[in-house]
Student: 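My questions all concern the structure below.
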Amino acid sequence: MTTIQSPRSGNIGSGKIAPKYTRTGGSKGNFEMLAWLFMRLSGIVLVVLIFGHLFVNLLVGEGIHAIDFGFVAGKWADPFWQIWDLAMLWLAMLHGTNGVRTIINDYAEKDSTRFWLKVVLYAATTVIIILGTLVIFTFNPCPVVDGVQLPGGFCPAP
């Protein structure tokens with residue numbers, strides 16, 4: 001009968017680690033742990049942000065029938081809602097990107113395939129975050145083009 005050696009010293013239950021048994025952490029260990037932690041924390045914050053967003057947009061006031069260009073314009077006139085939507089955009093994109101990065105690491109077998117998939121992922125994430133941030137902070141509900149205010153009905157008369 002063969003016995004399987006424990007990484008612990010010969011005495012089972014002694015609690016001492018045998019000198020030949022060493023744990024070595026990989027160079028990615030800390031990053032992966034932080035990425036795992038980020039997924040959990042950002043998920044919790046996203047639940048609050050998304051349900052708050054849905055509550056305000058769908059249940060308060062006239063509900064879904066009130067959502068139009070003017071509704072968004074009025075909402076984004078308030079810095080609180082700009083920050084709320086910005087946090088939702090950034091967290092959702094980074095949370096999703098981290099999840100897709102994990103899937104790429106798990107299923108892409110070739111290093112070159114893994115590299116290029118991540119390049120495309122990070123490029124798309126960067127573009128969406130930059131464009132979304134610009135839209136939130138540069139949104140003008142009453143644009144003036146060549147000295148003429150564009151029609152909209154919700155903008156005050158000049």
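For clarity, every value in this text was computed on a predicted model and none was experimentally measured. Computed from heavy atoms alone, side chains included, the values below leave out hydrogens, waters and symmetry copies.
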Student: Given side chains that start at C-beta, do those of V56 and W81 come closer than 4.5 Å, heavy atoms only?
Tutor: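 Contact flag for V56/W81 side chains = yes.
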Student: Nearest heavy-atom pair of A108 and T113: which atoms, and what distance?
Tutor: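 Between these two residues, the closest heavy atoms are CB-CG2, 4.3 Å.
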Student: With clusters defined by side-chain heavy atoms of hydrophobic residues (ILVMFWY) lying less than 4.5 Å apart, directly or transitively, does V135 cluster with L49?
Tutor: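 Both belong to a single hydrophobic cluster.
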Student: Tell me if the CD1 atom of I64 is crowded by more than 12 foreign heavy atoms within 6.0 Å.
Tutor: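 For I64, atom CD1 is not crowded (no more than 12 foreign heavy atoms under 6.0 Å).
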Student: For the atom pair CG (L121) and OG1 (T125), what is the distance rounded to the nearest 0.5 Å?
Tutor: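 Going from CG on L121 over to OG1 on T125, the span is 4.5 Å.
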Student: Among all residues two or more places apart in sequence or in another chain, which pass the side-chain contact (heavy atoms from CB on, under 4.5 Å) test with T126?
Tutor: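 Counting only residues at least two positions away or on another chain, T126 forms a side-chain contact (heavy atoms from CB on, under 4.5 Å) with I130.
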Student: Quick one: does R101's side chain get under 4.5 Å of Y122's, heavy atoms only?
Tutor: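 Touching, per the 4.5 Å side-chain cut-off.
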Student: Could you state whether L94 and L131 fall into the same hydrophobic cluster, counting links through intermediate Ile, Leu, Val, Met, Phe, Trp or Tyr residues with side-chain heavy atoms under 4.5 angstrom apart?
Tutor: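 Each belongs to a different hydrophobic cluster.
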Student: Report yes or no: do V45 and I83 belong to one cluster of Ile/Leu/Val/Met/Phe/Trp/Tyr joined by side chain heavy-atom distances under 4.5 Å?
Tutor: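 Both belong to a single hydrophobic cluster.
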Student: Nearest 0.5 angstrom please: L41 CG to L91 CG, how far?
Tutor: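 It comes to 10.0 Å.
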Student: Show every donor-acceptor pair shorter than 3.5 Å between a side-chain atom in residues 69-77 and any protein atom, with sequence neighbours excluded, or say none if there are none.
Tutor:
from, atom 1, to, atom 2, distance (Å)
K75, NZ, N57, OD1, 3.0
W76, NE1, D85, OD2, 2.6

Student: Can you list the residues that meet the salt bridge (Lys or Arg N to Asp or Glu O under 4.0 Å) rule with D111, with sequence neighbours excluded?
Tutor: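 Result, salt bridge (Lys or Arg N to Asp or Glu O under 4.0 Å) vs D111: R114.
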Student: Can you get from L37 to W90 by hopping between Ile, Leu, Val, Met, Phe, Trp and Tyr side chains that sit under 4.5 Å apart?
Tutor: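 Each belongs to a different hydrophobic cluster.
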Student: State, yes or no, whether a side-chain contact exists between L54 and L59 at a heavy-atom distance under 4.5 Å.
Tutor: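 No; the side chains remain at least 4.5 Å from each other.
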